[in-house]
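Have a look at the structure below before the remarks.
Lettering follows sequence order; numbering is per chain, from 1. Quantities reported herein were computed from a predicted structural model and do not represent experimental measurements.
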There are 2 protein chains.
Amino acid sequence: MPPSYNVYEDRCPARQVLDRLADKWALLILARIQNEPVRFNQLRRDIKGISQKVLSQTLKKLERDGLLSRSVYATVPVTVEYVLTDLGQSLVQTVNTFAHWAEQHMDAVLLSQAKYDACAVSNTATALNNSI
Amino acid sequence: MPPSYNVYEDRCPARQVLDRLADKWALLILARIQNEPVRFNQLRRDIKGISQKVLSQTLKKLERDGLLSRSVYATVPVTVEYVLTDLGQSLVQTVNTFAHWAEQHMDAVLLSQAKYDACAVSNTATALNNSI
DNA sequence: CAGGATCCAAAGCGATACTG
DNA sequence: CAGTATCGCTTTGGATCCTG
């Protein structure tokens, strides 16, 4: 069933929400946190390739959006845990479906890319850059 | 059900696919095309705010990934139609679910943002920038 | 441990002009 | 109509250093 509203409109709040979630790190973070509270440096280690700066920024956005909550414990040194809120929980199923699609169909995608590049190479060199 | 593979790994192909789809324009384009063939300038008009350059780039990526196909008809002037492939069809359900979530929960998100900003304003001016 | 602040390079994007 | 090409600017992001 297609959406019942016009998400294509510039000012649509739903689109703003969508824009926010259409972020590779945000989805990975939500997926990682889903089952258990996770600490900052644990996320940093687990989500390979994310920098400390971007992790921090993304966590702050997700907290602002109400998708996860940040809890500080007065240990020494301090302990900070991130957990999904109910709102975040309501989204994580869809995120998993997304990830699952990626797993199931990545072979088809990679094959398609290879075919596309094979054709394009014979025409211009531009396609080579796309494939890198 | 959480994903059965490790999407957090840097080299995981599924993650590369996920990264590609985690793009606000890509999702909107897939959602717009789902039911019918759409022409270039029609997409340009419908998806408010997208530039011609980015639309072109994103369409090319989606075609390369095998999610949509591009058909050229030798009319004068030329007619180009974009349609979802079967692969694209298999994804669009999830995209719709995503958009649907955004519609249903955007109020909660906006409320959370307002609360977050209201607290942060009393502390620093940085939060003001985040809210704009 | 959990970040904030800063600097700098790279990517992204809009605007514009041009093509078949 | 459906794009490509180029030019600057803006934004992003990584790397590094620093703090409670």
Practice item. Verify the contact: side-chain N or O of B:Ser56 to OP1 or OP2 of D:dT4, cut-off strictly under 4.0 Å; return yes or no. Key: yes

Point to revise | A:Gln113 and A:Asp117: side chain donor to acceptor below 3.5 Å | key: no

Check your understanding: Given the rule in the side chain to side chain contact (heavy atoms under 4.5 Å, CB included) test, do A:Lys24 and B:Leu21 qualify, once you have shown the distances and angles that lead to the verdict?
Key -> CA-CA 8 Å; A:Lys24 57 175 181 174; B:Leu21 295 174; over 6 Å; no

**Study point:** Protein-nucleotide distance (B:Phe40, atom CZ; D:dG3, atom C1'), rounded to Å
**Key:** 6 Å

Check your understanding: Is a side-chain donor or acceptor of A:Thr85 paired with a backbone partner of A:Leu67 at a separation under 3.5 angstrom?
Key -> yes

Check your understanding: For the pair made of CD in A:Glu81 and P in C:dA2, what is the distance, rounded to whole Å?
Key -> 9 Å

Exercise for review: Output yes when B:Arg70 and B:Glu63 qualify as a salt bridge under the 4.0 Å nitrogen-oxygen rule, no when they do not.
Suggested key: no

Practice item. State whether A:Tyr82 places a side-chain N or O below 4.0 Å from either non-bridging phosphate oxygen (OP1 or OP2) of C:dC1. Key: no

Check your understanding: Atom CG of B:Asp46 to atom P of D:dA2: distance rounded to whole Å?
Key -> 12 Å

**Study point:** Under-4.0 Å side-chain N/O to phosphate OP1/OP2 contact, B:Arg39 with D:dC1
**Key:** no

**Study point:** Under-4.0 Å side-chain N/O to phosphate OP1/OP2 contact, A:Lys60 with C:dG3
**Key:** no

Check your understanding: To the nearest angstrom, how far is A:Leu59 atom CG from D:dG13 atom C1'?
Key -> 16 Å

**Study point:** Spacing of B:Gln42 atom CD relative to D:dC1 atom C1', expressed in whole Å
**Key:** 12 Å

Check your understanding: So what does B:Arg44 touch, heavy atoms closer than 4.0 Å: a base, only the sugar-phosphate, or nothing?
Key -> nothing

Review point. What's the CG-C1' distance between A:Leu55 and C:dA2, to the nearest Å?
Key: 10 Å

Please produce a list of atom pairs where a protein N or O lies less than 3.5 Å from an N or O of nucleotides 10-14 of chain C.
residue : atom : partner : partner atom : Å
C:dC13  : N4   : B:Lys53 : NZ           : 3.3
C:dG14  : OP2  : B:Ser51 : OG           : 2.6
C:dG14  : O6   : B:Lys53 : NZ           : 2.6

Review point. Starting at CZ of B:Arg45 and ending at P of D:dG3, how long is that distance when rounded to a whole Å?
Key: 13 Å

**Study point:** Residue pair B:Gln34 / B:Asn96, side-chain donor-acceptor N/O under 3.5 Å
**Key:** yes

Review point. Is a donor on one side and an acceptor on the other found under 3.5 Å between the side chain of B:Arg15 and the backbone of B:Tyr8?
Key: yes

Point to revise | Contact nearer the 5' end of DNA chain C, comparing B:Pro77 with A:Val80 | key: A:Val80

Point to revise | Phosphate OP1/OP2 of D:dG3: any B:Arg70 side-chain N/O under 4.0 Å | key: yes

Review point. Checking A:Asp23 side chain against A:Ala26 main chain: does a donor-acceptor pair fall under 3.5 Å?
Key: yes

